Peer 1: 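Mind having a look at this structure? Questions to follow.
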Amino acid sequence: MGVLTFHRCINYGSYWQARCLVEGIAARGHDAVLLDHVSRDVTSQEWRYAFQPLLPDRSGRADIRAYGRKLRRFTKAFDALPLSAPFDLDDPAGIPRFDVVVIGSDEVLNLSHPWYGGKRLFWGEGVAASRVVTYAASSGNMDADGGLAPDWRARLGRLDAISVRDENTRAVVQAATGRTPEMVLDPVLQFPPDVAPANEPAPYLLVYGHHIPDWFAARVRDAARRRGWRTISVGYRNDWADEQRLDAGPHDFAALVAGAQAVATTYFHGCVFSLVNGKPFVAAPSFYRWNKLRDLIALLDARRHLTFEDRPASETGAALDSPPQVGARLAELRAQSDAYLGRVLA
C-alpha cells in the first residue's frame, strides 16, 4: 500500500495526518509506505515559508534561528517515516508500483494550493497501482462554486473510489463526477497519536496560528488571564502571548496540545488536535482555512467552539470552559471511515 500526500510540509497538521494514515493502514496488516516525491521547487517554497511565515512582516534574526531549529526537528521526523524510494514529483517515471495507492489526506485536490496546486500526480495521473483511491481528500480554499475544467474532471472520474473530509470537497467532487463521495475523518481523528503531555510548570493555554485577528487575540488573552493561565504560542510568533515556542517540532506540538488546559486557534488541525485530546478550544475563522474549519465544526456539531468578531466576547470564555461534546459523533464517523478503508484496501 502506498500513501500519497504532502508528507514533507513544515506544518504540524500535514506531518501528523501523513503519519497517522500510513500507520493506521499498517495497523490493519498491510505493508504501507509514504510515496516519497521530491521537488527542488516545492522544497524551496516550503523552506522560504518556514523561515518567513508572517510575510509581509519579516522574521528577525532570533526568530530565524528558532525556525531553523524547528526545520531540523521536522526533517528528523520526516526521515523516521516509512518512505518509498524517492522519485521526481513532476516526472514520476520512477514511481514504485503498488497494489493500492491512497491519495490523501490534506489538500490534495486543491488546485489553488500555493505550491502543490496543479500537480497531476495527486489526482492519480502517473500513479503506478492496480487501484487508486482517496482518503479524506480536501480541496482546501478552492470553492465548489468555481467548478473544474474538463481535464481535471476526467482525472477525478478515473479514480477507483473517493472519500473526502469536508462538505466543500464533497460538492466539488459531486459536481465534477456525478458521484457522491463518502465522508470520512481526518487521519488524526481516525488514528489518534499516542503522545505524552508536555511537562510544563504551570497551567497554560496553547495558541496555534498566525496573523490572528486583534479582536480574537484580545478575547483569548483576557480569558486566559482571568483563569490564571499562561499563553504559549506554538510554531509562529504571536507577540501578545506570554511565551513563544517557535522551534517546536511535530512531537513537541502534539505534546503541548496534550498538556494544555485549552487551545485557541485559527487552524484546522488546531481544532483536530483539541478534539482528539478532549481539550476545550475556541477557533476563529481565517480566509485560507475557512472551508476546512467551518465544515469540520459542522461535521462534529462543535459550533459552540467557533466564534466571530460580531459575537459576544463571552463566547470565547464559554468555549474554553468545557471540553467538546463530540464522543458519539466521533464514534459514528470512525466506524464509517473504518468501513470505507476496509473496502478500498481489500
Side-chain angles (χ1 to χ4, degrees), residues 1-50 68-110 113 115-117 119-138 159 165 186-188 190-195 248-254 269 272 341 344-345:
M1 304 293 171
V3 174
L4 175 60
T5 188
F6 305 162
H7 64 289
R8 289 189 180 273
C9 287
I10 313 302
N11 176 281
Y12 302 121
S14 288
Y15 167 82
W16 279 109
Q17 61 84 21
R19 175 173 167 178
C20 289
L21 182 54
V22 74
E23 290 183 350
I25 292 174
R28 299 177 67 97
H30 301 292
D31 181 8
V33 297
L34 289 155
L35 275 68
D36 193 20
H37 50 83
V38 294
S39 165
R40 182 175 297 179
D41 178 60
V42 166
T43 299
S44 175
Q45 293 185 73
E46 188 71 49
W47 286 28
R48 280 200 298 270
Y49 175 75
R69 294 192 296 273
K70 174 183 173 183
L71 181 60
R72 288 191 291 274
R73 286 175 175 144
F74 266 91
T75 301
K76 184 177 180 180
F78 296 153
D79 291 343
L81 293 170
L83 301 171
S84 75
F87 60 92
D88 191 319
L89 174 62
D90 296 305
D91 183 21
I95 190 171
R97 182 160 187 86
F98 294 89
D99 295 316
V100 179
V101 164
V102 180
I103 301 175
S105 177
D106 222 323
E107 298 179 23
V108 288
L109 300 183
N110 186 4
H113 191 280
W115 41 86
Y116 282 120
K119 300 296 184 183
R120 295 189 296 273
L121 188 71
F122 297 108
W123 295 65
E125 188 169 308
V127 173
S130 301
R131 300 180 68 212
V132 183
V133 304
T134 74
Y135 180 82
S138 177
L159 296 174
R165 71 182 187 191
D186 181 89
V188 177
Q190 183 67 13
F191 307 109
D194 184 13
V195 178
H251 298 85
D252 304 316
F253 166 79
H269 275 101
V272 165
L341 278 174
V344 299
L345 298 179

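In this text the structure is predicted, and so the values were computed from the model without any measurement.
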Peer 1: How about Leu121 and Tyr116: do any of their side-chain heavy atoms sit closer than 4.5 Å?
Peer 2: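 SC-SC contact between Leu121 and Tyr116 ruled out.
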Peer 1: Taking atom CG of Asp90 as the centre, does the number of heavy atoms from other residues, nucleotides or ligands within less than 6.0 Å exceed 12?
Peer 2: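 Enclosed: over 12 neighbouring heavy atoms sit under 6.0 Å from CG of Asp90.
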Peer 1: Measure the shortest side-chain to side-chain distance between Leu345 and Val102 over non-hydrogen atoms and say whether it is less than 4.5 angstrom.
Peer 2: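 Yes, their side chains come closer than 4.5 Å.
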Peer 1: Measuring from atom NZ of Lys70 to atom CZ of Phe253, what distance do you get when rounded to the nearest 0.5 angstrom?
Peer 2: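 CZ of Phe253 is found 10.0 Å from NZ of Lys70.
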Peer 1: Would you call Arg131 and Asp99 a salt bridge, using N to O less than 4.0 angstrom?
Peer 2: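 No, this pair does not count.
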Peer 1: Which heavy atom in Val3 sits nearest to a heavy atom in Gly104, and how many Å separate them?
Peer 2: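 Closest approach of Val3 to Gly104: CG1-O, 3.6 Å.
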Peer 1: Let me confirm one number: the CG-CG distance from Asp36 to Leu89, rounded to the nearest 0.5 Å.
Peer 2: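 Asp36 atom CG to Leu89 atom CG measures 11.0 Å (nearest 0.5 Å).
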Peer 1: Do Tyr49 and Gln45 touch side chain to side chain, with heavy atoms closer than 4.5 Å?
Peer 2: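 Of all side-chain heavy-atom pairs linking Gln45 with Tyr49, none is under 4.5 Å.
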Peer 1: With sequence neighbours left out, what residues match Phe98 under ring-ring contact (aromatic ring centres under 6.0 Å, His included)?
Peer 2: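 Listed in chain order: nothing, the list is empty.
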Peer 1: Do the side chains of Cys20 and Pro193 get nearer than 4.5 Å, heavy atoms only?
Peer 2: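 They are in contact (side-chain heavy atoms under 4.5 Å apart), so the answer is yes.
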Peer 1: So, Asp106 versus Ser14: side-chain donor-acceptor pair below 3.5 Å or not?
Peer 2: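 There is such a pair (donor and acceptor under 3.5 Å, judged by atom type) between the side chains of Asp106 and Ser14.
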Peer 1: Kindly compute the distance separating CD1 (Ile10) from OG1 (Thr75), expressed to the nearest 0.5 Å.
Peer 2: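 It comes to 5.5 Å.
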Peer 1: Is it the case that over 12 heavy atoms from other parts of the model lie below 6.0 angstrom from the CG atom of Asp194?
Peer 2: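 No, not enclosed.
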Peer 1: Take His37 and Phe122 through the test ring pair (Phe, Tyr, Trp, His ring centres under 6.0 Å) and record every step on the way to the result.
Peer 2: CA-CA 11 Å; His37 50 83; Phe122 297 108; 5.3 Å; yes
Peer 1: Please report the closest heavy-atom contact between Val132 and Ala129, naming both atoms and the distance.
Peer 2: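 Scanning both residues, the minimum pair turns out to be CG2-CB, 4.2 Å.
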Peer 1: Any side-chain heavy atom of Arg19 sitting closer than 4.5 Å to one from Leu81?
Peer 2: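 Result yes, sub-4.5 Å side-chain heavy-atom pair found.
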Peer 1: Any chance you could lay out the side-chain contact (heavy atoms from CB on, under 4.5 Å) test for Phe87 and Leu35, step after step, and finish with the verdict?
Peer 2: CA-CA 8 Å; Phe87 60 92; Leu35 275 68; 3.8 Å; yes
Peer 1: Just verifying a value: how many Å separate Ile103 CD1 and Tyr135 OH, rounded to the nearest 0.5 Å?
Peer 2: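 Between Ile103 CD1 and Tyr135 OH, I get 15.0 Å after rounding to 0.5 Å.
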Peer 1: If you measure only the distance, is there a donor-acceptor pair under 3.5 Å linking the side chains of Ser44 and Arg40?
Peer 2: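 Short answer, no.
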Peer 1: Of all the heavy-atom pairs spanning Leu83 and Val33, show the shortest one and how long it is.
Peer 2: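 Taking Leu83 first and Val33 second, the nearest heavy atoms are C-CB, 4.1 Å.
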Peer 1: Can you tell me if Arg120 has over 12 outside heavy atoms packed within less than 6.0 Å of its CZ?
Peer 2: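 It does not: Arg120 CZ has 12 such atoms or fewer within range.
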Peer 1: Do Cys9 and Tyr15 come close enough that some side-chain heavy atom pair is under 4.5 Å?
Peer 2: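 Sidechains of Tyr15 and Cys9: no contact.
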Peer 1: Where is the tightest heavy-atom contact between Lys119 and Val42, given as atom of each residue plus distance?
Peer 2: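 Scanning both residues completely, I find the closest heavy atoms to be CE-CG2, 4.4 Å.
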Peer 1: Taking Ser105 for the side chain and Ala136 for the main chain, is one N or O donor matched with an acceptor at less than 3.5 Å?
Peer 2: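 Checked: pair present.
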Peer 1: Compare all side-chain heavy atoms of Val133 with those of Val100 and state whether any distance is below 4.5 angstrom.
Peer 2: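 Of all side-chain heavy-atom pairs linking Val100 with Val133, at least one is under 4.5 Å.
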Peer 1: How long is the straight-line distance from OG1 of Thr134 back to CH2 of Trp123, given to the nearest 0.5 Å?
Peer 2: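 OG1 of Thr134 is found 10.5 Å from CH2 of Trp123.
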Peer 1: If every non-hydrogen atom of His7 is compared with every non-hydrogen atom of Ala18, which pair is closest and at what distance?
Peer 2: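 Minimum heavy-atom contact is CB-CB, 3.9 Å.
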Peer 1: Does the side chain of Trp115 reach to within under 4.5 Å of the side chain of Glu46, using non-hydrogen atoms?
Peer 2: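 SC-SC contact between Trp115 and Glu46 confirmed.
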Peer 1: When rounded to the nearest 0.5 angstrom, what is the spacing between CD in Glu107 and NE2 in His113?
Peer 2: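 Glu107 atom CD to His113 atom NE2 measures 5.5 Å (nearest 0.5 Å).
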Peer 1: Looking at Pro250, is its backbone amide N or carbonyl O close enough to the side chain of Trp16 to form a donor-acceptor pair, meaning the two atoms are under 3.5 Å apart?
Peer 2: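 Yes; at least one donor-acceptor contact below 3.5 Å.
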